Amino acid sequence: MLPLTLLCLLQAILGVLAQQTPIQLSLNNLYNFTVSTPTSNSRLFNLPLSRSNDLSVSVALCANPGTSSPRFFVTNDTSVPDPGPNDLDNPNVFELDVGSEGFASWTGSMPDGGVLAVSGAGQVPYEVGVSDEGPIHAVWDDYPLLGDSTSNQVLLFSPPFSPFNITQPTYPNYTLPPAELSFPQGPGSPPNYTLYFTPTSNPTLASIPRTSCALRALDGPEDFNEGAAESQGLWLRDTSGWRWQWLVNGLTPLTNYTVFALNGSQVSNPVNFITKSAAFSCPIVHSLPYCPSTAYAVPIAAPQRPATAHDTTTLPSNISTPLFEVLTNFTTSLLTFPCGRDQYSPLVTCADCQEAYRRWLCSIWFPRCSEASPTSTSTEDSTNQQPISALQAQPTSAPSRSPGLPPFSAAFDVLLPCVETCTAVDRACPNALGFKCPVPRFNANSSYGIGFIDSGQDGVQGKGSTGVAQDIWGNVWCNLG
Ligand SMILES: *[C@@H]1O[C@H](CO)[C@@H](O)[C@H](O)[C@H]1NC(C)=O
Ligand SMILES: *[C@@H]1O[C@H](CO)[C@@H](O)[C@H](O)[C@H]1NC(C)=O
Ligand SMILES: *[C@@H]1O[C@H](CO)[C@@H](O)[C@H](O)[C@H]1NC(C)=O
Ligand SMILES: *[C@@H]1O[C@H](CO)[C@@H](O)[C@H](O)[C@H]1NC(C)=O
Ligand SMILES: *[C@@H]1O[C@H](CO)[C@@H](O)[C@H](O)[C@H]1NC(C)=O
Ligand SMILES: *[C@@H]1O[C@H](CO)[C@@H](O)[C@H](O)[C@H]1NC(C)=O
Ligand SMILES: *[C@@H]1O[C@H](CO)[C@@H](O)[C@H](O)[C@H]1NC(C)=O
Ligand SMILES: *[C@@H]1O[C@H](CO)[C@@H](O)[C@H](O)[C@H]1NC(C)=O
Ligand SMILES: *[C@@H]1O[C@H](CO)[C@@H](O)[C@H](O)[C@H]1NC(C)=O
Ligand SMILES: *[C@@H]1O[C@H](CO)[C@@H](O)[C@H](O)[C@H]1NC(C)=O
């Protein structure tokens, strides 16, 4: 051990050295450092000049700074060599206040270069990025998406990218996609997203900054950090675009989790999901190209180990083949209409009709198992105006709800399809097909979730009680398919 005085002297010298030799930062790079200077000195960084574009300087804390958060000052005034709190009356000295989120940025002109100064005690790791294409640490205003959970698994999707438009066939060669749909070619170089989640009650979550470097560094027993390499690959769930899809095992039953998606140094908004009780026995079905948005627990026998969920490789063909037949027959009837030559609506086409029908059929073919969320079971409180999910008990004596699945061996609660999945078909298809949805006053609530997205009154769109089929807090109201 060095004597304390010598150690202090060394630190002082190192501090002075750090101050005397600023580190040159280059454009469009991310740097990581640890605050290690004594309080009296700042660590200095020379900023590159940027003549044509504005320069963005951003900083992010990578751990909880405790009581001694470092401070960051930037200047584009070359006569200020070491900007600090005492220079804030200079109009060209700016403080990057990382606040509770743990990151901040400044964007402005830097024709002659400038300096970033970091001061503070403690050992907080942080990142610095300088870019002429906007701040490297910035808000990513998007959300991951929950597919579904079981007692110990979850299926999650990243926010979408590369939006996809369905190609409209044209007359006279009006060809609709086959029932056994295959996927189009995915994007060539997809962004490298990572997923991070942990129990909402994890105390670390409350204390760390909302930054990518802080979240990525968490690797406690309850932290899940899943890179693109750990995903199930890319999935085109709907026209919002391609997403990464993750199926993750090893979760705890009846637990509320908080999920973030990370894109490099950007962090998405969080979403919550809850796992089911230990008794929940329906496996997840996912990655069926012919039912692209089926990604939830289904009352069907579990797949053979080692598979922990069903996809096309484990789903019995006596379930998919009849579905193809129904869809093919529907398409044949649809094509008796002169699609592409005559219009039955100014808004929708036969291709839209087939797509809406496919989604509806998949939601009927693959019923969804669910459970009441633990928070909504205490509805005796009459002031609690929280809506209740469209659940219906299915005893083992009940016949199968699906035209395509044998009866399930255990009792479960079915989460009814949202009626909007049905009305979407009604709206998108020619009247002549005779597709009809039940109307609310005649018991429609025994087959559909009514009043969540649309109000449930005839012809009214919107104004439902939740506005959505599932929300970002982990509540799932009805099955949108
Ligand atoms: C920066 O990050 C890399 C990789 O995570 C690590 O090896 C390196 O030690 C870090 N550097 C500093 C100065 O913290
Ligand atoms: C420094 O940045 C501020 C804010 O963007 C700007 O008003 C000022 O002109 C800049 N100074 C120089 C020397 O470019
Ligand atoms: C999809 O359609 C929209 C609107 O018609 C268009 O702006 C967009 O470029 C299209 N995207 C692709 C990937 O074709
Ligand atoms: C009709 O369209 C389909 C798919 O777009 C294409 O594969 C087929 O070759 C076309 N047939 C004719 C006769 O153009
Ligand atoms: C994707 O990101 C992860 C985490 O940042 C990194 O470890 C991995 O090397 C990246 N992969 C590619 C192909 O860039
Ligand atoms: C994700 O990161 C890449 C590379 O930094 C960037 O080009 C892309 O715009 C980012 N995507 C989003 C949605 O921010
Ligand atoms: C499909 O159409 C064929 C021929 O019309 C018919 O034999 C078959 O029963 C239909 N299948 C279904 C599931 O409707
Ligand atoms: C599919 O076949 C399996 C065994 O081969 C049988 O147990 C199951 O009932 C069949 N499913 C349907 C929907 O006919
Ligand atoms: C279904 O609707 C009827 C009448 O509209 C109502 O009496 C009944 O309670 C509803 N059932 C459920 C499960 O909400
Ligand atoms: C999960 O936890 C969050 C934060 O406490 C809460 O807002 C949300 O309602 C919970 N979700 C469910 C489904 O209970």
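In this chain, residues are counted from 1 in sequence order. Source: prediction; values computed, not measured. For ligands, and for the atoms within them, numbers begin at 1 and follow the listed sequence.
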Legend entry - Exam field: side chain R359 to backbone G481, donor-acceptor pair closer than 3.5 Å: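 Side chain of R359 to backbone of G481: a pair is present.
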Legend entry - N/O donor-acceptor pair under 3.5 Å between Y31 side chain and S26 backbone: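 Answer holds: yes.
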Using only heavy-atom distances, determine whether the side chains of [X] and [Y] contain a donor-acceptor pair under 3.5 Å.
{"X": "N249", "Y": "N152", "answer": "no"}
{"X": "N329", "Y": "T332", "answer": "no"}
{"X": "D112", "Y": "N76", "answer": "no"}
{"X": "D142", "Y": "S268", "answer": "no"}
{"X": "D82", "Y": "S42", "answer": "yes"}
{"X": "N173", "Y": "T175", "answer": "yes"}

Legend entry - Polar atom proximity, N76 to ligand 2 (N or O, under 3.5 Å):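 Right, the criterion is met.
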Inset, instruction - For ligand 2, find out whether one of its N or O atoms is nearer than 3.5 Å to an N or O atom of T107. - result: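 No, T107 has no N/O under 3.5 Å of an N/O on ligand 2.
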Inset, instruction - Check the angle between the aromatic planes of Y357 and F330 and answer parallel, tilted or perpendicular using the 30° and 60° thresholds. - result: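 Y357 and F330: parallel rings.
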May I ask you to list the atoms of ligand 10 that are less than 4.0 angstrom from any heavy atom of [X]?
{"X": "N475", "value": "13 (C)"}
{"X": "N256", "value": "1 (C), 2 (O), 3 (C), 8 (C), 10 (C), 11 (N), 12 (C), 14 (O)"}
{"X": "G474", "value": "13 (C)"}

Legend entry - Closest heavy-atom pair and its distance - F73, P83: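 Looking at all heavy atoms of both residues, the shortest contact is CB-O, 3.6 Å.
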Legend entry - Nearest heavy atoms of N225 and R216, plus distance in Å: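 Reported closest heavy-atom pair: ND2-O, 3.1 Å.
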Does ligand 7 have any N/O atom under 3.5 Å from a protein N/O, and what are those pairs and their distances?
| from | atom 1 | to | atom 2 | distance (Å) |
| --- | --- | --- | --- | --- |
| ligand 7 | 2 (O) | N329 | OD1 | 3.0 |
| ligand 7 | 2 (O) | N329 | ND2 | 2.3 |
| ligand 7 | 11 (N) | E325 | OE2 | 2.8 |
| ligand 7 | 11 (N) | N329 | ND2 | 2.8 |
| ligand 7 | 14 (O) | N329 | ND2 | 3.1 |

What atoms of ligand 2 come closer than 4.0 angstrom to any heavy atom of [X]?
{"X": "N92", "value": "1 (C), 8 (C)"}
{"X": "S109", "value": "1 (C), 10 (C), 14 (O)"}
{"X": "W106", "value": "2 (O)"}
{"X": "G108", "value": "5 (O)"}
{"X": "P111", "value": "14 (O)"}

Legend entry - Check: T200 N/O within less than 3.5 Å of ligand 10 N/O: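 For ligand 10, there is no N or O atom that lies under 3.5 Å from one belonging to T200.
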Legend entry - side chain to side chain donor-acceptor pair (under 3.5 Å) contacts in which one or both residues fall within residues 270-292, not counting sequence neighbours: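 Of all non-adjacent pairs touching residues 270-292, those that pass side chain to side chain donor-acceptor pair (under 3.5 Å) are D148-K276, S149-K276, T200-N272, Q245-S287, N256-N272, T258-N272, S277-E371.
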Legend entry - Residue portion contacting ligand 2 (non-hydrogen atoms closer than 4.0 Å) for P91: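 It is neither part, as no heavy atom is under 4.0 Å.
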